[in-house]
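Keep in mind it's a predicted model, so treat the numbers as computed, not measured.
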Amino acid sequence: MEVVRRSVKKEEEEEQQDMNKNVMVNHMAQMGFRVLGFVLSLVAAIVVGLNKQSKVVPLTVSLNLPPLDYTLTANWHYLSALVYLLATNVIACSYSFLSFVFMLKNKNKDNILALLVIVLDTVMVALLFSSSGAAAAVGVIAYHGNSHVQWNKVCDVYGRFCKQMAASTVLSLAGAVVFMLLVVLASVGLQKRPK
């Protein structure tokens with residue numbers, strides 16, 4: 001009888017050690033993804049914030065007069081979608097840093113904090129996907145134009161501006177995917193947490 005109890009106790013201890021190991025691996029993966037989310041959203045915000053291009057464009061006023069050279073500037077804050085993209089990436093970057101610090105101190109001991117982090121990670125997913133979608137929609141119009149409403153394409157004039165806008169949109173989308181993976185990891189972590 002004593003041998004059976006020792007065997008059962010040993011199995012329970014091994015199971016507890018495996019569970020603790022799984023929780024630690026999950027925690028380390030979450031910390032790595034938080035750093036990646038921080039870096040992606042920071043770089044996306046920097047790329048948007050530095051996005052500006054000036055071009056000298058000849059404007060024809062009259063067919064009888066020679067064209068006038070006029071300097072036109074494309075700047076990120078002229079488009080509300082890019083302002084939104086910058087703002088959401090700054091929010092995601094700040095949140096990622098703060099959640100990293102809180103997760104370092106908490107180490108998944110508090111369920112309420114873990115649930116709050118899952119909810120806020122989900123909010124970051126929504127913000128980043130929506131801002132990336134808005135920037136991508138503006139980018140498509142800038143690249144192709146829209147003949148139905150007489151909007152001309154501008155990426156043939158502002159090539160570098162459009163490339164930076166596309167790069168920041170892709171970085172922001174990658175950040176959204178990272179936060180989505182964080183939601184999945186945290187949800188799985190809640191299920192496997194020792195009681």
Side-chain angles (χ1 to χ4, degrees), residues 31-102 117-184:
M31 299 307 274
F33 278 125
R34 288 198 188 286
V35 170
L36 183 59
F38 172 79
V39 170
L40 287 170
S41 55
L42 177 65
V43 173
I46 290 170
V47 170
V48 172
L50 297 177
N51 199 4
K52 179 180 179 180
Q53 184 179 5
S54 295
K55 277 286 201 169
V56 176
V57 179
L59 293 176
T60 305
V61 179
S62 172
L63 294 175
N64 299 333
L65 297 173
L68 299 171
D69 288 338
Y70 190 72
T71 303
L72 297 175
T73 302
N75 205 328
W76 66 271
H77 60 81
Y78 296 163
L79 298 167
S80 58
L82 295 184
V83 172
Y84 181 46
L85 185 68
L86 176 72
T88 57
N89 277 290
V90 168
I91 290 168
C93 180
S94 302
Y95 165 73
S96 185
F97 177 75
L98 291 175
S99 65
F100 181 81
V101 171
F102 286 134
V117 166
I118 291 173
V119 169
L120 291 175
D121 285 346
T122 306
V123 169
M124 293 306 118
V125 170
L127 281 175
L128 290 173
F129 271 128
S130 67
S131 67
S132 298
V138 168
V140 167
I141 290 173
Y143 186 74
H144 294 291
N146 189 329
S147 61
H148 301 292
V149 292
Q150 301 303 313
W151 290 344
N152 296 328
K153 58 183 174 179
V154 295
C155 284
D156 53 347
V157 176
Y158 300 108
R160 190 185 82 230
F161 180 83
C162 289
K163 286 177 186 173
Q164 281 186 245
M165 183 170 68
S168 61
T169 302
V170 168
L171 287 168
S172 186
L173 277 172
V177 169
V178 166
F179 279 103
M180 189 169 63
L181 291 173
L182 277 168
V183 171
V184 171

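At a threshold of 4.5 Å between non-hydrogen side-chain atoms, the residues Met124 and Ile91 count as touching. Within the 4.5 Å cutoff, no side-chain heavy atoms of Lys153 are placed close to those of Tyr143. Considering only heavy atoms from C-beta on, Tyr158 comes within 4.5 Å of Leu72 through its side chain. Side-chain contact between Phe102 and Val117 is absent, with no heavy-atom pair separated by less than 4.5 Å. Between Leu173 and Phe129 the shortest side-chain heavy-atom distance falls below 4.5 Å. Considering only heavy atoms from C-beta on, Leu50 stays 4.5 Å or farther from Trp76 through its side chain. Tyr95 has its side chain within reach of Asp121: a pair of non-hydrogen atoms, C-beta onward, lies under 4.5 Å apart.
Residue Val48 is tested with Asn89, Leu86, Leu171 for a side-chain contact (heavy atoms from CB on, under 4.5 Å); the sole match is Leu86.
Between the side chain of Asn51 and the backbone N or O of Val47 there is no donor-acceptor pair closer than 3.5 Å. Under a 3.5 Å cut-off, the side chain of Ser96 and the backbone N or O of Arg34 do form a donor-acceptor pair. Side chain of Thr169 to backbone of Met165: a donor-acceptor contact under 3.5 angstrom is found. Judged by distance alone, the side chain of Ser172 and the main-chain N or O of Ser168 form no donor-acceptor pair under 3.5 Å. Between the Trp151 side chain and the Asn146 main chain, no donor and acceptor come within less than 3.5 Å of each other. When atom types are taken as modelled, the side chain of Gln150 and the backbone of Ser147 share a donor-acceptor pair closer than 3.5 angstrom.
Residues passing the side chain to side chain donor-acceptor pair (under 3.5 Å) test with His77, sequence neighbours excluded: Asn75. Judged as a side chain to side chain donor-acceptor pair (under 3.5 Å), and not counting sequence neighbours, Thr122 has no contacts.
Here the CD1 atom belonging to Ile46 is positioned 9.5 Å from the OG atom belonging to Ser41, to the nearest 0.5 angstrom.
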